[in-house]
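Convention: sequence-line order gives letters A, B, ...; per-chain numbering from 1. Heavy-atom basis, side chains included; hydrogens, waters and symmetry copies ignored.
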Amino acid sequence: MNQVIALVDVDSMYASVELLFRPDLHGRPVVVCSNNDGAIITRNLPAKALGIKMGEPLFKVQHLVQEKGLVIFSSNTTLYGDLSRRMMITLESFAAEIEEYSVDEAFLTLPGGSHKGALEELGREIKARVYKDVGLPVSVGLSTTKTLAKLASRAAKKYPKTVGVVDLTDPIRQRKLLSITDVSDVWGVGSKLTKRLRALGIHTAMDLAESDPKDIRARFSVMLERTARELAGVRCTELETAPESQQQIVCSRSFGSRVTDKSSLNEALASFTATATERLRKQARVAKSLTIFIRTSPFSNDPRYSNSLTAELPYPCDDTSIFLGRVRVMLNKIWRDGYRYAKAGVMLSDFYDPSHLQVDLFNDQPQNGKRDTVMRLMDQINGETRGALRFGSQGQRNQVAPRWQMNQSFLSPRYTTRFSDLPIAKIR
DNA sequence: TCTGGGGTCCTAGGACCC
DNA sequence: TCTGGGGTCCTAGGACCC
């Protein structure tokens, strides 16, 4: 039998993690916010039942705290990342190949089942093991292509009768599910494509699976062609077990409050730059291109302004201070007085492997030795205590939180990554 | 007052080359 | 009157995902 692809993903991951450490909240509606406590990005089942929508602004649901006992959490990315890491370790024990697709889901390749029902049993075993090892509820979708496995896991979440596991390797079962699935629920089909597909009379996943792939390619793109083929059971994408190195690093934030002075904005950009370059060094890469952007809120009635600027460095590097010098100059060029800035960001791109760099005849080369040591030492110390060492342009520490700092009013403890935050079990 | 952040891939079109 | 054509590279923008 053919190899089988499984998609394992955590049910409402962020909410499930928060509940894992707060069993007292069991049964209550729980939501987790985006950064800055702006919008709702995760809801558990009771919260969904209250009609809270994905992406809904927090202020629109805040009345439900009083009325319905809604519990709100800020995004605790450190905590979710750590639980994700633990889950991946458990999943690795089931499969030779694993693609960590996102923080809350992974594709696995599994040997095909030897008898009817064997695959479903394996799916249940995976689900049970993740729950035992990590404490998180997952859904498991099994099929022969990634797109079908995605569809299967979606069905495993949607239909309670499946109890979280769907084996979609059987073609008859495939057709049945495809015909009751709206095309907009297919992986890779967003709102724009849905609209265009509907205009062609393609409404269900089945319609797409049965369409002529060549025609789809001509009208849309190779991406959608692949999707259509995968729905029909033809494997077009393999697992990415050793992902390509990243193409860009972005660090951007909406501000906690509007920023109206240049020095504050520079502080924010400097902090984003420090974070981005730290990530760059972690990946052992050097970057040649730097982009900054600043903008006002697109939602308010304030006068609008948005601008960005990209600079090429004379040579690729990973030294924070080099980038910081550029950021200041670039901000001077795009800063305009009189606006209430809501968001800014820094992007690094055009990466190189530092061990394969060309020597530049016409530009001074960086004096790498000393700077390298400084950066490495800084990363080491900051790795132990976040934010212990900072550049002057990032602003003072231990003062009142700067205006640009994001809001995290409902942040839970870092239960698993800080000694002072370890949960305490009370035994009666 | 209050609407996320971090990615990827593809395509069209312009610049440039011979 | 009559103004090449094909290939490649780059970039901006669109669409998607979680």
Both A:Ile249 and A:Arg258 contact DNA chain B. Taking the nearest nucleotide for each, which residue is further toward the 5' end?
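Whichever sits nearer the 5' end wins; that is A:Arg258.
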Starting at the 5' end of DNA chain B and moving along, which residue's nearest nucleotide shows up first, A:Leu58 or A:Val222?
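Whichever sits nearer the 5' end wins; that is A:Leu58.
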Can you tell which of [options] lies closest to the side chain of [X]?
{"X": "A:Glu105", "options": "B:dG6, C:dC18, B:dG7", "value": "C:dC18"}
{"X": "A:Met223", "options": "C:dC18, B:dT8, B:dC10", "value": "B:dC10"}
{"X": "A:Ala39", "options": "B:dT3, C:dC16, B:dG6", "value": "B:dT3"}
{"X": "A:Ser221", "options": "C:dC18, B:dT11, C:dA15", "value": "B:dT11"}
{"X": "A:Phe299", "options": "B:dG4, B:dC9, C:dC16", "value": "B:dG4"}
{"X": "A:Ser34", "options": "B:dG4, B:dT8, C:dC16", "value": "B:dG4"}
{"X": "A:Tyr101", "options": "B:dC10, C:dC17, B:dG5", "value": "C:dC17"}

Would one find a side-chain N or O of [X] under 4.0 angstrom from OP1 or OP2 of [N]?
{"X": "A:Gln62", "N": "B:dC2", "result": "no"}
{"X": "A:Ser254", "N": "B:dG5", "result": "yes"}
{"X": "A:Lys150", "N": "C:dC18", "result": "yes"}
{"X": "A:Ser252", "N": "B:dG6", "result": "yes"}
{"X": "A:Arg226", "N": "B:dC9", "result": "no"}
{"X": "A:Arg279", "N": "B:dG7", "result": "yes"}
{"X": "A:Lys343", "N": "B:dT3", "result": "no"}

Just the rounded figure in Å: distance from [atom2] of [N] to [atom1] of [X].
{"X": "A:Ile41", "N": "B:dG6", "atom1": "CD1", "atom2": "P", "result": "12 Å"}
{"X": "A:Arg295", "N": "B:dG4", "atom1": "CZ", "atom2": "P", "result": "8 Å"}
{"X": "A:Asn35", "N": "B:dG6", "atom1": "CG", "atom2": "C1'", "result": "10 Å"}
{"X": "A:Phe220", "N": "C:dC16", "atom1": "CZ", "atom2": "P", "result": "10 Å"}
{"X": "A:Phe255", "N": "B:dG5", "atom1": "CZ", "atom2": "P", "result": "10 Å"}
{"X": "A:Met13", "N": "C:dC17", "atom1": "CE", "atom2": "C1'", "result": "17 Å"}
{"X": "A:Leu224", "N": "C:dC17", "atom1": "CG", "atom2": "P", "result": "11 Å"}
{"X": "A:Phe272", "N": "B:dG6", "atom1": "CZ", "atom2": "P", "result": "8 Å"}

Pick one: which of A:Glu230, A:Glu240, A:Glu99 meets side-chain hydrogen bond (donor to acceptor under 3.5 Å, both in side chains) with A:Lys146?
A:Glu99
Look at atom NZ of A:Lys288 and say whether more than 12 heavy atoms of other residues, nucleotides or ligands are closer to it than 6.0 Å.
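Yes - once you tally the heavy atoms of other residues, nucleotides and ligands closer than 6.0 Å, there are more than 12.
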Here's a test for you: under salt bridge (Lys or Arg N to Asp or Glu O under 4.0 Å), which of A:Asp372, A:Asp379, A:Asp318, A:Asp319 qualifies with A:Arg281?
A:Asp379
With a non-hydrogen cut-off below 4.0 angstrom, is [X] in contact with a base, only sugar-phosphate, or nothing?
{"X": "A:Cys33", "answer": "nothing"}
{"X": "A:Ser300", "answer": "nothing"}
{"X": "A:Val61", "answer": "nothing"}
{"X": "A:Asp37", "answer": "nothing"}

Between A:Trp187 and A:Tyr101, what is the ring plane arrangement, given parallel below 30°, perpendicular above 60°, and tilted in between?
perpendicular
Is the A:Tyr305 to A:Tyr339 ring centre distance short of 6.0 Å?
yes
In Watson-Crick or G-U wobble terms, both distances under 3.5 Å, what is the partner of C:dG6?
B:dC17
Just so I know, are the side chains of A:Asp302 and A:Tyr341 near enough to count as touching, which here means a heavy-atom distance under 4.5 Å?
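In short, these two side chains do not touch, never coming nearer than 4.5 Å.
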For A:Glu225, is there an ion pair with A:Arg229 - N to carboxylate O distance below 4.0 angstrom?
yes
